[in-house]
Amino acid sequence: MNYWLMKSEPSTFGIDDLARARNSTSGWDGVRNFQARNYMREMKKGDLVFFYHSSCPVPGIAGVAVVQREAYPDPTQFDSKSDHYDAMSDPDNPRWFMVDVKLVRKFDTVISLDELRKHAAGKLKDMIVLKRGNRLSVTPVTKSEWSFIESLV
DNA sequence: GCCAACGTTGGC
DNA sequence: GCCAACGTTGGC
């Protein structure tokens with residue numbers, strides 16, 4: 001089993017939106033970055049995901065979700081009315097993929113980016129999301145990083 | 001294949 | 001709203 005971190009802006013889709021979704025499950029559409037897409041295609045059902053809130057008053061990890069459905073073509077790429085429409089994508093060879101995730105638990109308080117940074121020289125020294133200039137919206141998390149962060153909850 | 005220009009992300 | 005950092009595009 002593998003571990004991941006996925007970013008979303010809570011003003012668009014936050015952990016509370018996932019909690020309100022049918023079966024607490026939602027598709028994670030709209031990813032338009034090749035590296036992030038490639039990571040999503042590696043995801044297996046049952047993999048665990050940190051749900052990260054970005055571009056908000058307290059950026060950080062808001063809870064845990066689980067991969068419920070493995071990668072499949074993101075329909076928004078073919079919807080000319082969607083913000084995520086991609087005229088270059090061929091329906092016979094789609095560019096963009098998405099997964100479905102189900103909420104496992106919302107943390108009582110967000111593990112803030114500030115708090116994570118306190119460990120940036122220690123246990124979390126290789127964590128991608130703490131690297132300078134990182135913008136990748138889907139990143140792998142190691143087992144040791146995962147366990148350590150869970151211990152901060 | 002290089003690289004400048006541009007658009008986007010995301011913390012502050 | 002600013003701006004550093006980065007990915008992508010497109011001219012050459």
Side-chain angles (χ1 to χ4, degrees), chain A residues 2-21 26-43 47-67 70-101 103-142 144-146 148-153:
Chain A
N2 288 308
Y3 302 93
W4 308 93
L5 180 145
M6 299 175 87
K7 294 181 190 172
S8 184
E9 297 186 20
S11 60
T12 303
F13 188 87
I15 200 162
D16 291 331
D17 295 299
L18 185 57
R20 277 191 294 269
S26 174
W28 200 285
D29 62 15
V31 171
R32 293 296 180 267
N33 171 285
F34 290 105
Q35 209 176 342
R37 179 205 65 183
N38 294 345
Y39 284 136
M40 282 203 298
R41 291 207 288 204
E42 289 179 31
M43 291 182 182
D47 281 1
L48 293 174
V49 178
F50 281 136
F51 193 127
Y52 182 94
H53 282 172
S54 64
S55 297
C56 59
V58 185
I61 297 169
V64 174
V66 61
V67 175
E70 295 176 9
Y72 59 101
D74 178 347
T76 63
Q77 70 195 304
F78 305 122
D79 177 1
S80 60
K81 290 187 281 297
S82 168
D83 288 345
H84 303 296
Y85 178 59
D86 182 355
M88 301 291 288
S89 187
D90 175 358
D92 292 328
N93 185 21
R95 262 191 180 182
W96 306 115
F97 288 76
M98 59 187 284
V99 296
D100 289 355
V101 300
L103 183 66
V104 174
R105 71 164 165 152
K106 176 186 173 182
F107 297 150
D108 292 335
T109 57
V110 170
I111 305 174
S112 68
L113 183 59
D114 278 351
E115 180 163 7
L116 294 171
R117 284 230 174 91
K118 287 177 190 163
H119 308 282
K123 300 258 191 186
L124 300 181
K125 69 180 170 54
D126 295 321
M127 190 151 184
I128 297 170
V129 85
L130 300 182
K131 302 272 187 200
R132 184 157 175 267
N134 168 70
R135 301 189 316 178
L136 201 53
S137 64
V138 179
T139 55
V141 172
T142 67
S144 65
E145 288 163 351
W146 183 278
F148 178 71
I149 291 169
E150 286 257 303
S151 77
L152 298 174
V153 177

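Per chain, numbering begins at 1; letters A, B, ... match sequence-line order. Quick caveat: nothing in here was measured; it's all calculated off a predicted structure.
Taking atom CG on A:Asp86 and atom P on B:dT8, their separation rounds to 13 Å, with Å as the unit. Rounded to whole Å, the distance from CZ on A:Arg32 to P on C:dT8 is 13 Å. Distance, A:Leu136 CG to B:dT9 P: 12 Å, rounded to whole Å. For A:Arg135 and B:dC6, the CZ to C1' distance is 12 Å, given to the nearest whole Å. Between A:Leu113 atom CG and B:dG10 atom C1' the separation is 10 Å, expressed in whole Å. Protein atom CH2 of A:Trp96 is 13 Å distant from nucleotide atom P of C:dG7, rounded to whole Å. Distance A:Ile128 CD1 to C:dG7 C1': 16 Å, rounded to the nearest Å. Atom-to-atom, CZ of A:Arg117 to C1' of B:dC12 comes out at 10 Å; the value is rounded to the nearest Å.
In this structure the side chain of A:Met127 never reaches within 4.5 angstrom of the side chain of A:His119, judged on heavy atoms. Side chains of A:Lys106 and A:Asp16 form a contact here, defined as non-hydrogen atoms less than 4.5 Å apart.
Side chains of A:Thr76 and A:Arg32: a donor-acceptor N/O pair is present below 3.5 angstrom, by distance only.
A:Ser54 comes within contact range of the sugar-phosphate backbone alone, with a heavy-atom separation under 4.0 Å but no base atom that close.
In terms of phosphate contacts, A:Lys7 brings a side-chain nitrogen or oxygen within less than 4.0 Å of OP1 or OP2 of B:dG10. Distances shown here put every side-chain N or O of A:Tyr52 at or beyond 4.0 Å from the OP1 or OP2 atom of B:dT9.
Side chain of A:Phe34, nearest nucleotide from C:dT8, B:dC12, B:dG10: C:dT8. Among C:dT9, B:dG7, B:dG11, the nucleotide with an atom closest to any side-chain atom of A:Arg95 is C:dT9.
Salt bridge absent: A:Arg37 and A:Asp74 never bring a charged side-chain N and a carboxylate O closer than 4.0 Å.
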